[in-house]
Amino acid sequence: MPAKAAWLLKIPDIVAMLESFDVPVVDRAVIERLFELRRRRAIELLHRFGGYQAGRTFLVDRRVLIDHLRHLAEGEDFQMESRRKERLDHAVDQLRRHRAATRVSIPVPPEVFSRKLAGLSTGVALEPGHLHIEFSGTGDLLSKLYELSQIANHDFDRFCAAAKPAG
């Protein structure tokens, strides 16, 4: 399968620029700049979009080009590429957030792994239907939450009883 044209997703911007021009035709050099292409590919696009050669210059009617591009933007290729780019952007964003999260170091003293409910850290209060945690930063908060999860793991029955709302 051939690669998708790099300019395909730029069609809305290209159309907006073309609409701002006050000329009846566009030449190859303008196509090169708008589509960010080299000479040969620009000439191929000019032919594809109804362009013609006048002397040594390749031209295309600006309105015809805009119509062709709008038709492409409504087509399946543009829609599929747009959805693919959205999925890719979402996946990259998730990866960035995941990588940032994996770089977080949670300071945990060794005794946390055997701590019971009665040994909650200072600044952590678990009452029926209410949890209060005092912390001095993200690391401290995460450390206390981790400690609480370990207590729930090692002393689950008492943890449930302490957390259960009254009534």
Side-chain angles (χ1 to χ4, degrees), residues 1-108 124 126 129-150 152-153 156 159-160 163-165:
M1 174 191 293
K4 297 289 183 194
W7 53 264
L8 190 62
L9 291 176
K10 298 176 190 171
I11 288 177
D13 295 332
I14 293 170
V15 167
M17 286 187 263
L18 285 168
E19 286 177 333
S20 71
F21 292 168
D22 190 24
V23 294
V25 294
V26 222
D27 67 2
R28 175 199 45 79
V30 172
I31 296 297
E32 285 179 24
R33 279 184 246 124
L34 283 176
F35 289 77
E36 298 176 7
L37 299 172
R38 293 196 174 164
R39 179 185 178 91
R40 183 68 218 146
R41 187 66 181 121
I43 292 169
E44 289 172 6
L45 272 185
L46 281 164
H47 286 295
R48 177 179 173 185
F49 295 136
Y52 55 91
Q53 193 168 356
R56 292 181 49 96
T57 305
F58 285 93
L59 302 169
V60 66
D61 182 278
R62 184 179 61 89
R63 293 289 342 148
V64 170
L65 178 58
I66 290 171
D67 290 342
H68 276 285
L69 291 173
R70 283 191 175 141
H71 180 73
L72 278 175
E74 295 168 358
E76 186 63 27
D77 280 348
F78 179 83
Q79 300 302 323
M80 283 178 24
E81 188 65 9
S82 180
R83 287 190 299 269
R84 185 196 68 78
K85 185 177 183 323
E86 285 177 20
R87 286 190 310 270
L88 180 63
D89 288 346
H90 179 70
V92 168
D93 186 50
Q94 280 185 316
L95 181 61
R96 277 191 199 119
R97 283 185 272 142
H98 176 72
R99 288 186 55 131
T102 59
R103 286 190 295 263
V104 173
S105 175
I106 302 173
V108 180
V124 179
L126 179 62
H130 182 74
L131 171 65
H132 179 77
I133 302 176
E134 294 177 18
F135 55 93
S136 60
T138 305
D140 187 35
L141 173 61
L142 292 173
S143 178
K144 289 179 179 179
L145 289 171
Y146 184 78
E147 174 188 351
L148 197 60
S149 72
Q150 292 303 304
N153 183 43
F156 190 70
F159 182 83
C160 286
K164 184 176 182 181

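What you see is a predicted model; the values in this text were computed from it and never measured. When a residue number appears, it is its place in the shown sequence, counting from 1. As a basis for the values below, the full set of heavy atoms in this structure was taken, side chains included, without hydrogen atoms, waters or symmetry mates.
- Heavy atoms only, all atoms of each residue included: Ser20 and Met17 are closest at OG-O, 2.6 Å.
- Atom NZ of Lys85 and atom CG of Leu8 lie 12.0 Å apart (nearest 0.5 Å).
- In this structure the side chain of Val26 never reaches within 4.5 angstrom of the side chain of Phe49, judged on heavy atoms.
- Taking CD of Glu32 as the start and CG of Leu45 as the end, the distance is 10.5 Å to the nearest 0.5 Å.
- Note that CG of Leu18 and CG of Asp13 are 11.0 Å apart. Values are rounded to the nearest 0.5 Å.
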side-chain contact (heavy atoms from CB on, under 4.5 Å) assessment of Glu44 paired with His47: CA-CA 5 Å; Glu44 289 172 6; His47 286 295; 5.9 Å; no
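- Residues Arg56 and Gln53 share a closest heavy-atom pair of CA-NE2, 3.9 Å.
- Considering only heavy atoms from C-beta on, Asp89 stays 4.5 Å or farther from Asp93 through its side chain.
- Here the shortest heavy-atom pairing between Trp7 and Arg48 reads CZ2-NH1, 4.0 Å.
- Leu59 and Ala54 get closest at one heavy-atom pair: CD1-CB, 3.9 Å.
- Residues Leu65 and Arg62 form no side-chain contact, since every pair of their non-hydrogen atoms from C-beta on lies 4.5 Å or further apart.
- A 6.0 Å sphere centred on NE2 of His98 holds no more than 12 heavy atoms belonging to other residues, nucleotides or ligands.
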Worked verdict on Ile31 versus Phe58 for side-chain contact (heavy atoms from CB on, under 4.5 Å): CA-CA 10 Å; Ile31 296 297; Phe58 285 93; over 6 Å; no
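- The CG atom of Leu141 sits 6.0 Å away from the CD1 atom of Ile133 when rounded to the nearest 0.5 Å.
- Contact of the Gln150 side chain with the Glu147 side chain is not registered, since no non-hydrogen atoms from C-beta on lie closer than 4.5 Å.
- Contact annotation: the side chain of Tyr52 never approaches that of Val60 to less than 4.5 Å [non-hydrogen atoms, C-beta and beyond].
- Remark: Ile106 CD1 to Thr138 OG1 distance equals 10.5 Å, nearest 0.5 Å.
- Around CZ of Arg38, the count of heavy atoms belonging to other residues, nucleotides or ligands within 6.0 Å does not exceed 12.
- Distance check, rounded to the nearest 0.5 Å: CG of Asp61 to CG of Asp67 gives 8.5 Å.
- The pair Arg83-Glu86 does not count as a salt bridge, with every side-chain nitrogen at least 4.0 angstrom from each carboxylate oxygen.
- For the pair Gln79 and Ala73, the tightest heavy-atom approach, listed with the atom from each and the gap, is NE2-O, 2.9 Å.
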Leu69 vs Phe35, side-chain contact (heavy atoms from CB on, under 4.5 Å): CA-CA, chis, key distance, verdict: CA-CA 11 Å; Leu69 291 173; Phe35 289 77; 3.9 Å; yes
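- Between Leu148 and Phe159 there is a side-chain heavy-atom pair separated by less than 4.5 Å.
- Between Ile66 and Phe21 the shortest side-chain heavy-atom distance does not fall below 4.5 Å.
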